Number of protein chains: 2
Amino acid sequence: MDTNHRIRELINRIARLDAAHSWEGDLNPAQRGALEYLVLANMYSRAPSHVAEYFGTTRGTMSQTLKVLARKGYISEESSKSDKRSISYTPTDAGRALVSVSNPIAVAFNSLIPDEQSELENALRHGLQLALKVNGGQSFGLCKTCKHYDPQGINGFCNLLSVSLSESESNKICVEHKEVASGAS
Amino acid sequence: MDTNHRIRELINRIARLDAAHSWEGDLNPAQRGALEYLVLANMYSRAPSHVAEYFGTTRGTMSQTLKVLARKGYISEESSKSDKRSISYTPTDAGRALVSVSNPIAVAFNSLIPDEQSELENALRHGLQLALKVNGGQSFGLCKTCKHYDPQGINGFCNLLSVSLSESESNKICVEHKEVASGAS
DNA sequence: TTTAAATAATATCGACTCGATACTAAATAC
DNA sequence: GTATTTAGTATCGAGTCGATATTATTTAAA
């Protein structure tokens, strides 16, 4: 049993403990995860296929979860004008309220000293990046760390989508995010 | 969105990616988790209720998962002589073979530099301890870090169960584990 | 331009998870 | 010697999940 197996085991166990709490309040862990993603994602990243890729699951599976979430009234469906095949989900006020409640796992990690917290976040993020590289998955980061981000104008500009970004958009998760080459090996 | 929420989000996302891989080879994530636990746990810690507590789920749910695992031939059931209500599961050779295959997530974290790995492990373990304290759950650690551990004899002695430990036993997970008071706040 | 191939979302299927509830049997308390 | 606790299960209903197949729609190629 080496270090990386123990790390994986710890991550899985903490996630499972979190999942156990996650049942409170009309949602199951998969639904809660999807809803939390939708709250954090920008308007170009809220299609079923995007949520599916974020969680490493299939479109079919995520499609069902999102339909349930919509039926429960926590997200609303909106079809795209430019591509009639595409749809996008937006959290409702009820949905936003649900994800904003305090969480025991987050509270526990809040008790770590700040240095430990930031070390932990960086190491997890780094490990995730490496895992995604193996999988060929997208990084789903924020505009400001993206190679398509151009800090022109008030809140920057996306060179890939050719749009000016609003304050809130540039602080959200994007499917198209490509980590700008840095120290990450 | 503060640091501890981002940490929780990262942990959940990595676990979900791991779960997606976990479907390979005749097992689903819950079954694989339970099997992995049973491989690591000592002989006093392999009852359905122990596995259930480890993962923060109910006895009923875990009972079903273990029955499936037994039906598939990856674990074998054994009833206790001292307490006729109790049973204990032991991984079969087929079960052990299944959990020893290399894992993409573990491989990814293996690429972190050693310092980063140990920092990560410690911080996760610390966070988990704090989360368990809130939950009132058991720590499920190894004998050597347990307050019931007495380093007498060849491989030590357990003061709680009043038994001499074998080499392999003292390196396994135990339900009765109580973290010896240390720097953990 | 008209077929061909790729893409987005969904429906359906079967095995299984999961919490909740109710139950049996055995051990422990009083 | 009865009451209560504890260990494990069966059963239920909603939902996950991968697999597969299907429908629209878009894009590429001939």
Side-chain angles (χ1 to χ4, degrees), chain A residues 12 15-35 37 44-72 74-75 77-89 138 175-176, chain B residues 12 15-35 37 44-72 74-75 77-89 138 175-176:
Chain A
N12 280 153
R16 215 164 261 277
L17 252 33
D18 185 67
H21 286 290
S22 195
W23 286 88
E24 287 156 31
D26 200 27
L27 292 181
N28 68 34
Q31 291 163 8
R32 187 175 297 274
L35 182 56
Y37 169 83
Y44 312 109
S45 311
R46 292 197 225 108
S49 53
H50 300 152
V51 195
E53 198 192 345
Y54 184 77
F55 287 119
T57 186
T58 60
R59 292 196 306 278
T61 296
M62 191 49 69
S63 185
Q64 296 173 75
T65 297
L66 294 173
K67 289 284 169 196
V68 173
L69 232 30
R71 184 159 49 71
K72 288 183 177 175
Y74 298 125
I75 57 177
E77 189 178 324
E78 196 180 340
S79 54
S80 162
K81 277 112 181 72
S82 57
D83 185 338
K84 285 178 187 167
R85 297 169 305 175
S86 297
I87 63 173
S88 181
Y89 285 100
Q138 293 286 92
V175 230
E176 306 292 354
Chain B
N12 280 154
R16 217 162 259 275
L17 252 31
D18 186 67
H21 287 291
S22 194
W23 286 88
E24 289 157 30
D26 200 26
L27 292 181
N28 68 33
Q31 291 162 7
R32 187 174 297 274
L35 182 56
Y37 170 82
Y44 312 109
S45 311
R46 293 196 224 106
S49 53
H50 299 153
V51 196
E53 198 191 345
Y54 185 77
F55 287 118
T57 185
T58 61
R59 293 195 308 275
T61 296
M62 191 48 70
S63 185
Q64 296 173 76
T65 298
L66 293 172
K67 289 284 169 199
V68 173
L69 232 29
R71 182 159 51 70
K72 288 183 177 177
Y74 298 124
I75 58 178
E77 189 178 323
E78 197 181 339
S79 55
S80 163
K81 277 112 179 73
S82 58
D83 186 337
K84 286 178 185 164
R85 294 169 308 175
S86 296
I87 62 173
S88 181
Y89 286 100
Q138 292 286 94
V175 229
E176 304 293 353

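Computed from a predicted structure; not experimentally measured. All chains are named by letter (A, B, ...) in the order of the sequence lines, taking the proteins before the strands, and each is independently numbered beginning at 1.
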Candidate pair B:Tyr74 and B:Leu27, rule side chain to side chain contact (heavy atoms under 4.5 Å, CB included), full reasoning: CA-CA 10 Å; B:Tyr74 298 124; B:Leu27 292 181; 3.9 Å; yes
Mind checking what makes side-chain contact (heavy atoms from CB on, under 4.5 Å) contact with [X], not counting sequence neighbours?
| X | result |
| --- | --- |
| A:Ala34 | A:Val51, A:Met62, A:Thr65, A:Leu66, A:Leu69 |
| B:Glu78 | B:Thr90 |
| A:Ser22 | A:Pro29, A:Arg32 |
| B:Ser80 | B:Ser82, B:Asp83, B:Ser86 |

To the nearest Å, how far apart are B:Asp26 CG and D:dA19 P? 13 Å
Whether each nucleotide of nucleotides 1-15 of chain C has a protein heavy atom under 4.0 Å at its base (B), only at its sugar-phosphate (S) or at neither (-) is summarised, 5' to 3', as ------BSBB-B---
Let me know, please, whether A:Lys81 or A:Gly56 comes out on the 5' side of the other along DNA chain D by nearest nucleotide.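 Its nucleotide being nearer the 5' end, the pick is A:Gly56.
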Are OP1 or OP2 of [N] and a side-chain N or O of [X] less than 4.0 angstrom apart?
| X | N | value |
| --- | --- | --- |
| B:Thr58 | C:dA20 | no |
| A:Thr65 | D:dT16 | yes |
| A:Asn28 | D:dT16 | yes |
| A:Arg32 | D:dT16 | no |

Applying side-chain hydrogen bond (donor to acceptor under 3.5 Å, both in side chains), name anything that partners B:Tyr37, two or more places apart in sequence or on another chain.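 Testing B:Tyr37 for side-chain hydrogen bond (donor to acceptor under 3.5 Å, both in side chains), a comparison that skips the adjacent residues, returns none.
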